[in-house]
Amino acid sequence: MISFYPGPSRVYDEIPTYVKDAHKKGILSMNHRSEEFVAISKKTVSLLKEKLNIPESYSVFFTTSATECWEIIAQSLISENSFHVFNGAFGEKWFDYTHRLVPGAQAFPFDPESKLDIRKLPLKNQEVICITQNETSNGTEVNNKLIAAIKRKNSRALVVVDATSSMAGIELNFKSADVWFASVQKCFGLPAGLAVMVCSPQSIQYMKSINEKKHYNSLAFIHEMMNKWQTNCTPNVLGIYMLMRVLKKRKLMAHIHQKTIARAIAWQNFFRGAKNLKLFIKNQGVRSLTVLTLTGNPERISEVKKLAKESGFLLGEGYGELKPTTFRIANFPAIRNSEIKKLMQFLEKYK
Ligand SMILES: *Cc1c(COP(=O)(O)O)cnc(C)c1O
């Protein structure tokens, strides 16, 4: 079965080898306070910086999931208010969780078909601005230029970005915002259970000024431990090891970015003019490069998903309320060109 699910998604073919190596090398029962773990942790952070172009001055932390990052941000980086800009289910869920911890959290939903108009954002002395860079549920993105413009106009606020389904798939300009996070079961091509959180010097300084220490995963503790290349609790050592191995082999981000764009364009062209399966997002300017959403009548959608499965392709279910009328196709780096070709051949009959 070839998985085109946008998370958990197809993993790199080398993963079984890395797991065997980890077993041989004793990594599966490695102590997370040992010198050996520290070496792996340090190497993984330096590879993340090198391969994803993360500025040297930024801090990198390991967490368990993007959802945990939402919570860490709510408890450790927001004291009074946050402003959530979103157009889909993930951004909304992030707002909902934050709102329970921070009553001053504010929602700013916008139309998935329109480009975010930053002149219309009612921002005034905002503490933290939360943006979902790639909305996995509907296949839209807020591009890097917009994120940079929001930061420029609100330089004292922290701009915090959920890049779960785009980090490692497209080039992100980390300098243009303060906090970026992603779990590894999407564009990193790894099994679930690990996430990375990238923090600017400004966000670390702000975290220190709040100095929240009420939780096992308070950012203050995570930061303190990472100064020694360690984690606040026993981490997913195997996940970190596999991340290190995958990154070592990885091409530079500029190369991967070009490939992601070329494939996104190929997919969009493939569905251009299709009668039964249409691109869900009409405005090309806001379409995600890593997650493609198709729409059609519910019978056709469920038939295509079923027949695809019988032919060895796992398509992504529509998310939330979009479930009956859409399906999704991941455009993640671990998917091979030959697999995309095969899926296109299959879909030819039904589009
Ligand atoms: C998948 C996803 C999440 C949730 O990730 P977990 O690792 O399951 O916590 C959050 N935000 C976005 C945009 C996602 O695509």
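Start at 1 and go down the list; that is how both ligands and their atoms are numbered. The residues of the chain are indexed from 1 along the displayed sequence.
- If you check the side chains of Q106 and N81, you find no donor sitting under 3.5 Å from an acceptor.
- Ring geometry, W267 versus F270: the interplanar angle exceeds 60°, so the pair is classed perpendicular (tilted spans 30 to 60°).
- Given atom 2 (C) of ligand 1, the protein heavy atom at minimum distance is K186 NZ, 2.5 Å.
- Counting the atoms of ligand 1 from 1 in the order shown, those under 4.0 Å from a heavy atom of N134 are 13 (C).
- At a 4.0 Å heavy-atom cut-off, ligand 1 touches D162 through the side chain alone.
- S183 OG, 2.7 Å is the protein heavy atom nearest to atom 7 (O) of ligand 1.
- Not a single heavy atom of T64 lies less than 4.0 angstrom from ligand 1.
- Atom 9 (O) of ligand 1 has as its closest protein heavy atom T67 OG1, 2.6 Å.
- Annotation: atom 15 (O) of ligand 1 to nearest protein heavy atom, T136 OG1, 2.4 Å.
- Residue contact check: W70 has heavy atoms under 4.0 Å from atoms 10 (C), 11 (N) of ligand 1.
- Summarising the hydrophobic clusters (Ile, Leu, Val, Met, Phe, Trp, Tyr; side-chain heavy atoms under 4.5 Å, direct or chained), the residues clustered with M225 are none.
- Only the side chain of Q185 comes within 4.0 Å of ligand 1, judged by heavy-atom distances.
- At a 4.0 Å heavy-atom cut-off, ligand 1 touches A66 through backbone and side chain alike.
- Ring planes of F61 and H223: perpendicular class, angle over 60° (limits at 30 and 60°).
- Ring centroids of F90 and F86 are separated by 6.0 Å or more, keeping the two rings apart.
- A perpendicular orientation is assigned to the rings of H84 and W94, their planes being inclined by more than 60° (bins at 30° and 60°).
- Checking each of N134, N87, D111 against T140 for a side-chain hydrogen bond (donor to acceptor under 3.5 Å, both in side chains) leaves exactly one that passes, namely N87.
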